[in-house]
Student: 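Handing you a structure now.
These values consider heavy atoms only, across backbone and side chains, with no hydrogens, waters or symmetry-generated copies.
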Amino acid sequence: MVAFGKYLQRKQIEEWRGYYINYKLMKQRVKQYAEQIRGGSQHPRHVLKDFSRMLDTQIEKTVLFMLEQQGLLAGRLSTLRETHDAVLEQPDISKIVELRESYRDVGRDLLQLLKFVELNAIGLRKILKKFDKRFGYRFADYYVKTRANHPYSQLQQVFKHVGVGAVVGAISRNLHELQENEGSFYSIYDQPVLPLQDPVVEAIKTAVDKLTNSTSFLNFLAQHALIMQDDLQTPSEDTIDERTYHFNSLLLNLGNTFLYMVNTYIIVPTADDYSMSLGAAATVCGVVIGSMAVAQVFSSVYFSAWSNKSYFKPLVFSSIALFIGNLMYALAYDANSITLLLVGRLCCGLGSARAVNRRYISDCVPLRIRMQASAGFVSASALGMACGPALAGLLQIKFKFYKLTFNQSTLPGWVMAVAWLFYLVWLCISFKEPLRDTEEQERSKRNETSSMTERIEEGIRKPLLITSGILPDDEEDCDESEESADDSRRPANSFGDAYRLLTPSVKVQLLIYFMLKYAMEILLSESSVVTSYYFGWTTSSVAIFLACLGLTVLPINILVGSYISNMFEDRQILLTSEIIVFVGILFSFNLFVPYTVPQYVISGLVMFVAAEVLEGVNLSLLSRVMSSRLSKGTYNGGLLSTEAGTLARVVADVTITLGGYLGRNHLLNATLLPSLVICIGSIVATCCTYNSLY
């Protein structure tokens, strides 16, 4: 293949040559950086800062020139508008033909400008790829996110195309008015879809669509800190046909997410009372709540593997398992069996289809709305977390029907069983299984795609620019064999494989994720026991407290994603959030003074909010430092983070149960102490790897 530098020189417009990005200079600078780092004369942080500044300068030069050219085109259109008005007042066929050709000339010049942007977009993608491959960083993710998210970003001008749209609209409207059917009183705004378009306008629309598809991923990537809160799986290449996308199936997928989160937290306010009514200690609520997480450790694996073949069948199995599990949970009261209660919760955990929910959004939702769908996943989870305890607070009634008892302990099981039954019926009626390519079709599609496009190897699955022809490559890329490229993209085949792909910084991120999930589970699961012992709270009071905590999730994520992440580096937010979590845990201890409601509520709120901020930033960092081989397959990054969080919940619930043997008066301090130790350990680990984090 031809080297991209030579291709860029050949395709450049001569008079615009000084305004293209200097790809050759940046390529040479990357080589210099590599030599300086090997020689020890440059620190990697200085290299990242210097290269970022260089990219900013190159992009600014290109964008300012693009805006200048748009202004010139707008000026020409304004001049033509005056001529246009005069021609309409005194129609002259020769002048109309001449005017139409003048508009076409503006359109052809606009096409040249779009090609200018296209070439620079290719160059940006390729130099980011080259930098990542040379140094083993995920710099492309960092650079695009920080620049595209900023209100003064030059990249915003590239992927929004605001000026280009105005010029295209002016050309289209005026050419339409000058068509030979002067008798029509309709404009293009009255007929948005015209049967016939001027060839120049069609060419412009094609170029704009191609450029939009090429760069829209930047906007998606820039917002992934919020979207990806619970989802680390990298979206596959956007080969999804809009016609096969099924909106009702997406709603059902999000409905499963919502109901499962409601199911998880609806029993928290009443689990201690239910345990005591069956003859167990109140602190056994830790085992009751945690048994669902224990089963989820295993269900996440087989659901992740099952989603490689189907989405409908796993969702059906999930609904049936949760229906049966909730039924057993509700019947345990009349059977007076703590065993039946625990088996019911285990069965509910076996129905955890969150791996399928994430995979469906990643694989079956078009890129155009994938960001909204991912945000819907986060919103459904947060809403379910808030609605679960709130619903439990409303179920404060008691009656018997035949031999079945309905009270605050059993009603959560009955309500959720009915909800899952209705969901199952809706699922069977409305869900549409997405079409899947055969292996041969997929292999053929991959071969065809690889001849047309290149992937950014370190985790950006969607290319910056998809063109209709063969893209030129760099000399170094041409030397790489297909076999080594396949090896670098081969997914992990086991947990052992996946663990060996984890770098020290990834392990630290997973430790932080474990810590925050552990601390949050301790706060939530023991809340009913602690508050009833110290403050005499009723189930309704506990439910209100937990619901208020759940309602903070979305506002906090929006605040972090829209504002805080633009003002500070992610690693700064990460370390600060860990310290605040530490402070929240520290002030939750009952030491020398009588324990009060303000102390418990304020310290719990501080810890929970800080943990939410920490979760979002941690997963954002994790998505950048994790190997691209963990972006797909059964044993992917999403599964690893899910398992880390689920194990944390299991350990936390076991800690609550074991702490109960010390007595309810010592439970709070006994469970907070491990949280404090793990938090200190994560802070130390973060400080040790601070410089390796973006």
Side-chain angles (χ1 to χ4, degrees), residues 261-278 280-293 329-330 333 341 345 382-398 406-416 519-553 584-585 587-588 590 594-609 611-612 649 652-653 655-657 659-660 664-665 667-672 675:
M261 292 302 290
V262 172
N263 212 143
T264 301
Y265 290 99
I266 194 172
I267 71 156
V268 173
T270 58
D272 57 335
D273 289 338
Y274 204 167
S275 301
M276 293 173 65
S277 67
L278 297 179
T283 52
V284 174
C285 69
V287 174
V288 175
I289 297 171
S291 56
M292 192 170 178
Y329 182 86
Y333 186 89
L341 183 74
R345 288 295 287 178
L383 189 61
M385 183 179 180
C387 287
L391 187 59
L394 297 175
L395 300 177
Q396 302 299 302
I397 54 177
K398 183 176 181 179
F406 297 85
N407 56 26
Q408 66 173 13
S409 298
T410 62
L411 275 173
W414 290 116
V415 169
M416 293 311 303
M520 292 170 69
E521 187 72 10
I522 289 290
L523 173 67
L524 298 174
S525 295
E526 71 176 11
S527 58
S528 58
V529 180
V530 170
T531 55
S532 63
Y533 176 77
Y534 286 104
F535 318 127
W537 280 10
T538 62
T539 299
S540 298
S541 301
V542 177
I544 293 172
F545 172 67
L546 295 178
C548 289
L549 288 181
L551 289 173
T552 65
V553 175
I585 295 173
F587 279 93
S588 296
N590 178 27
Y595 207 53
T596 62
V597 172
Q599 180 185 353
Y600 176 78
V601 172
I602 294 174
S603 60
L605 184 63
V606 168
M607 189 271 288
F608 187 84
V609 169
E612 281 298 325
R649 291 173 52 204
D653 291 324
T655 303
I656 293 172
T657 301
R664 296 177 71 180
N665 56 325
L667 175 65
L668 181 66
N669 291 343
T671 53
L672 288 176
S675 299

Student: Say you draw a straight line from CZ of R345 to OG1 of T264; how long is it, rounded to the nearest 0.5 Å?
Tutor: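 So the gap between those two atoms works out to 6.5 Å.
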Student: Please list, chain by chain and in numerical order, all residues satisfying ring pair (Phe, Tyr, Trp, His ring centres under 6.0 Å) with W537, sequence neighbours excluded.
Tutor: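 With neighbours one apart ignored, the set is F535, F545.
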Student: Sequence neighbours left out, what passes ring pair (Phe, Tyr, Trp, His ring centres under 6.0 Å) with Y533? Give chain and number order.
Tutor: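 Checked Y533 against ring pair (Phe, Tyr, Trp, His ring centres under 6.0 Å); zero matches.
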Student: Can you tell me how far apart CG (D273) and OG1 (T539) are? Round to the nearest 0.5 Å.
Tutor: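 It comes to 5.0 Å.
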Student: My understanding is that only residues two or more places apart in sequence, or in another chain, count here; which of them pass side-chain contact (heavy atoms from CB on, under 4.5 Å) with V268?
Tutor: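 So V268 forms a side-chain contact (heavy atoms from CB on, under 4.5 Å) with Y265, I289, S527, L546.
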Student: Without hydrogens or angle criteria, can the side chains of S525 and D653 be said to hold a donor-acceptor pair below 3.5 Å?
Tutor: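 Yes, side-chain donor-acceptor contact under 3.5 Å.
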Student: Measure the acute angle between the ring planes of W414 and F406, then classify it against the limits of 30° and 60° as parallel, tilted or perpendicular.
Tutor: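 The rings of W414 and F406 sit tilted, inter-plane angle from 30° to 60°.
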Student: Would you say T410 and N407 are linked by a side-chain donor-acceptor pair, where the criterion is simply a distance under 3.5 Å?
Tutor: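 Note: N407 and T410 side chains meet the donor-acceptor criterion.
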Student: Distance from Y274 atom OH to S409 atom OG, nearest 0.5 Å?
Tutor: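 Those atoms lie 6.5 Å apart.
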Student: Under the side chain to side chain donor-acceptor pair (under 3.5 Å) rule, collect the residues that match up with S277, sequence neighbours excluded.
Tutor: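 Testing S277 for side chain to side chain donor-acceptor pair (under 3.5 Å), a comparison that skips the adjacent residues, returns none.
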Student: Only pairs at least two apart or in different chains count here, so list each salt bridge (charged side-chain N to carboxylate O under 4.0 Å, His left out) that has a residue in residues 519-536.
Tutor: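 Of all non-adjacent pairs touching residues 519-536, those that pass salt bridge (charged side-chain N to carboxylate O under 4.0 Å, His left out) are E521-R649.
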Student: A543: what forms a side-chain contact (heavy atoms from CB on, under 4.5 Å) with it, not counting sequence neighbours?
Tutor: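 Partners of A543 under the side-chain contact (heavy atoms from CB on, under 4.5 Å) test: P269.
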Student: Under a 4.5 Å cut-off applied to non-hydrogen side-chain atoms, are Q396 and S540 in contact?
Tutor: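 Of all side-chain heavy-atom pairs linking S540 with Q396, at least one is under 4.5 Å.
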Student: If I compare all heavy atoms of A386 with all of A547, which pair ends up nearest, and what's the gap?
Tutor: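 Closest heavy-atom pair between A386 and A547: O-CB, 3.6 Å.
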Student: Would one find more than 12 heavy atoms of other residues, nucleotides or ligands at under 6.0 Å from atom CZ of F587?
Tutor: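 Open: at most 12 neighbouring heavy atoms sit under 6.0 Å from CZ of F587.
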Student: Closer than 3.5 angstrom, by distance alone: can the side chain of T657 be matched with the main-chain N or O of V287 as a donor-acceptor pair?
Tutor: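 Side chain of T657 to backbone of V287, a donor-acceptor pair under 3.5 Å: yes, one is there.
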Student: With L605, which residues qualify under side-chain contact (heavy atoms from CB on, under 4.5 Å), at least two apart?
Tutor: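 Expected list: L549, T552, V609.
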Student: Please round to the nearest 0.5 Å and tell me the distance separating atom SG of C387 and atom CE of M261.
Tutor: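 The CE atom of M261 is 11.0 Å from SG of C387, to the nearest 0.5 Å.
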Student: Test S528 against every option in D272, T270, I267 by the side chain to side chain contact (heavy atoms under 4.5 Å, CB included) rule and name the one that passes.
Tutor: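 So the option named by the test is D272.
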Student: With sequence neighbours excluded, tell me which residues meet ring pair (Phe, Tyr, Trp, His ring centres under 6.0 Å) with Y333.
Tutor: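 Checked Y333 against ring pair (Phe, Tyr, Trp, His ring centres under 6.0 Å); zero matches.
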Student: Going by the rule side chain to side chain donor-acceptor pair (under 3.5 Å), which residues pair with S291 if we only count those two or more places apart in sequence or in a different chain?
Tutor: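 Expected list: none.
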Student: Using the side-chain contact (heavy atoms from CB on, under 4.5 Å) criterion, which residues pair with V415? Sequence neighbours excluded.
Tutor: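 If we apply the side-chain contact (heavy atoms from CB on, under 4.5 Å) test to V415, skipping adjacent residues, the hits are L391, L395.
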Student: To the nearest 0.5 angstrom, please state how far the CE atom of M607 sits from the CG atom of L523.
Tutor: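 M607 CE to L523 CG: 4.0 Å, rounded to 0.5 Å.
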Student: Determine the minimum heavy-atom distance between G584 and V606, stating which atoms define it.
Tutor: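 The pair with the smallest heavy-atom distance is CA-CG1, 4.3 Å.
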Student: S541: which residues meet the side chain to side chain donor-acceptor pair (under 3.5 Å) condition with it, sequence neighbours left out?
Tutor: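 Residues passing side chain to side chain donor-acceptor pair (under 3.5 Å) with S541: T538.
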Student: What are the two closest non-hydrogen atoms of S588 and S603, and how far apart are they?
Tutor: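 Of all heavy-atom pairs spanning S588 and S603, the closest is OG-OG, 3.1 Å.
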Student: Indicate the atoms forming the closest heavy-atom contact of V288 with S275, along with that distance.
Tutor: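 For V288 and S275, the tightest heavy-atom pair comes out as CG2-OG, 3.7 Å.
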Student: Using 0.5 Å steps for rounding, measure from the OG1 atom of T655 to the CG atom of L667.
Tutor: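 Here the interatomic distance stands at 10.0 Å.
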Student: Of all the heavy-atom pairs spanning I656 and T671, show the shortest one and how long it is.
Tutor: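 Heavy atoms of I656 and T671 come nearest at CA-CG2, 3.9 Å.
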Student: What pairs with N263 under side chain to side chain donor-acceptor pair (under 3.5 Å), at least two apart in sequence or on another chain?
Tutor: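 Side chain to side chain donor-acceptor pair (under 3.5 Å) check on N263 returns N326, W420.
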